[in-house]
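So the structure is just underneath, and the comments pick up after that.
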Amino acid sequence: MRIATWNVNSVRARTARIVDWLERSDVDVLAMQEIKCKTEQFPYAAFEAAGYEVQAHGFSQWNGVAIASRLPMTEVERDFQGQPGYANTGDPVVEARAMAATVEGVRLWSLYVPNGRDLAHAHYGYKLEWLRVLADHLDTWGGRPLALMGDFNIAPLDTDVWDIGAFDGSTHVSKPERAAFDALLQAGLVDVVRDRAPGYTYWDYKAGRWNKNEGMRIDFVLGTPELAELVTHASIDRDQRQGDAPSDHVPVVVDLDLETELDDDRPMIF
DNA sequence: ATGGTAGGTAGCCTA
């Protein structure tokens, strides 16, 4: 089974690009972030015509996550337990930043971690709290192959940005953010892509970042040990940053071998 | 060069 995560930065602005990529890339399940539309505005028909069922979780023109799959999805869940909200004006609202589905016995989360905006901004505290609660509830998900897939808006290593010197006082690289990311690893999750595929996953639209290859590695697939042992291959599709109207993020792809595990339980026949 | 581009929306906000 081939799974992928992609911050598409508006699913309506590049529906054809996404669906064409899904078909060409032979991807079974795609976790999307920043769909930037309400649940009912998702372009379901284009995905269904290509053989993909979509479960979406949108709210307004911002945020929004979805999962497209050509294999059956079960246990579809929106938001995680205790997910903090954000108070733009008035009372905090739980934003559409997390959803999950089970495919072929694999639990997959599509996550869009809050940006943080600025170290002094309330959004930064919201980001840290959001990650803290996420990590706190990880233990209740144990026991089966599970992956957190998405835009974490954190560059865990200095080498995950083009010039760490340009990030002094910036979000995405601060110690508390990196500690929040590390807490997920401490909880037992494994970055199943880093050792298999180097490079950035995001290049800002501004300042010619793509042309100068000034990117950031902020999109990840973190798996439980049960999932990690199924991984056979991973890649980052840089080509999707090129061409007409690309997202500022590119897809991260992971291949799982679901047969090997089954073989262990299969009776031996001589 | 302390900048710049893109999406949703119809004012600016978000990234």
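Lettering follows sequence order; numbering is per chain, from 1.
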Integer-rounded Å distance: [N] [atom2] and [X] [atom1]:
X: A:Ile35; N: B:dT14; atom1: CD1; atom2: P; value: 18 Å
X: A:Asp151; N: B:dT14; atom1: CG; atom2: C1'; value: 13 Å
X: A:Asn63; N: B:dG8; atom1: CG; atom2: P; value: 14 Å
X: A:Asp204; N: B:dG7; atom1: CG; atom2: C1'; value: 13 Å
X: A:Tyr202; N: B:dT5; atom1: OH; atom2: P; value: 14 Å
X: A:Asn211; N: B:dG4; atom1: CG; atom2: C1'; value: 12 Å
X: A:Arg17; N: B:dA6; atom1: CZ; atom2: P; value: 12 Å
X: A:Lys206; N: B:dT14; atom1: NZ; atom2: P; value: 13 Å

So with a 6.0 Å cut-off around NZ of A:Lys175, is the heavy-atom count from everything else above 12?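 Open.
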Side chain of [X] only, heavy atoms from C-beta on: which candidate in [options] is closest?
X: A:Ala245; options: B:dG8, B:dT14, B:dG7; answer: B:dG7
X: A:Gln61; options: B:dA15, B:dG7, B:dG8; answer: B:dG8
X: A:Ala207; options: B:dG7, B:dA15, B:dG4; answer: B:dG4
X: A:Trp62; options: B:dG7, B:dT9, B:dA15; answer: B:dG7
X: A:Arg117; options: B:dT5, B:dG7, B:dT14; answer: B:dT14

Base, sugar-phosphate alone, or nothing: which one does A:Asn88 contact when heavy atoms must sit under 4.0 Å apart?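 Sugar-phosphate contact only - A:Asn88 comes under 4.0 Å of backbone atoms but never of a base.
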Classify A:Tyr112 by what it touches in the nucleic acid, base, sugar-phosphate, or nothing, heavy-atom distance under 4.0 Å.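 Result for A:Tyr112 = sugar-phosphate.
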Using atom [atom1] in both nucleotides, what's the gap between [N] and [M] to the nearest angstrom?
N: B:dA15; M: B:dG4; atom1: C1'; result: 13 Å
N: B:dT14; M: B:dT9; atom1: P; result: 14 Å
N: B:dG11; M: B:dG7; atom1: C1'; result: 15 Å

Is the A:Tyr86-A:His123 ring centre distance short of 6.0 angstrom?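 They qualify: ring centres under 6.0 Å apart.
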Within the 6.0 Å centroid threshold, strictly below: A:His249 and A:Tyr202: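 Yes - the distance between ring centres of A:His249 and A:Tyr202 falls below the 6.0 Å cut-off.
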Name the orientation class of the two ring planes belonging to A:Tyr44 and A:Phe42 (parallel below 30°, tilted from 30 to 60°, perpendicular beyond 60°).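 Tilted: the ring planes of A:Tyr44 and A:Phe42 meet at 30° to 60°.
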Between A:Arg209 and B:dG4, is there a side-chain N or O to OP1/OP2 distance below 4.0 Å?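 Negative; the distance criterion is not met.
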Check: A:Gln242/A:Gln240 side-chain N/O donor and acceptor closer than 3.5 Å: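 Side-chain D/A pair, A:Gln242 to A:Gln240: absent.
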A:Glu40 and A:Lys38 ion-paired at < 4.0 Å: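 Not counted as a salt bridge, because no side-chain N and carboxylate O are separated by less than 4.0 Å.
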Reading DNA chain B from 5' onward, which residue's closest nucleotide shows up sooner: A:Lys36 or A:Pro114?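 Its nearest nucleotide lies further toward 5', so the answer is A:Lys36.
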Nearest-nucleotide wise, let me know which of A:His121 and A:Arg14 is further upstream toward the 5' end of DNA chain B.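 Mapping each residue to its closest nucleotide by heavy atoms, the 5'-most match is A:Arg14.
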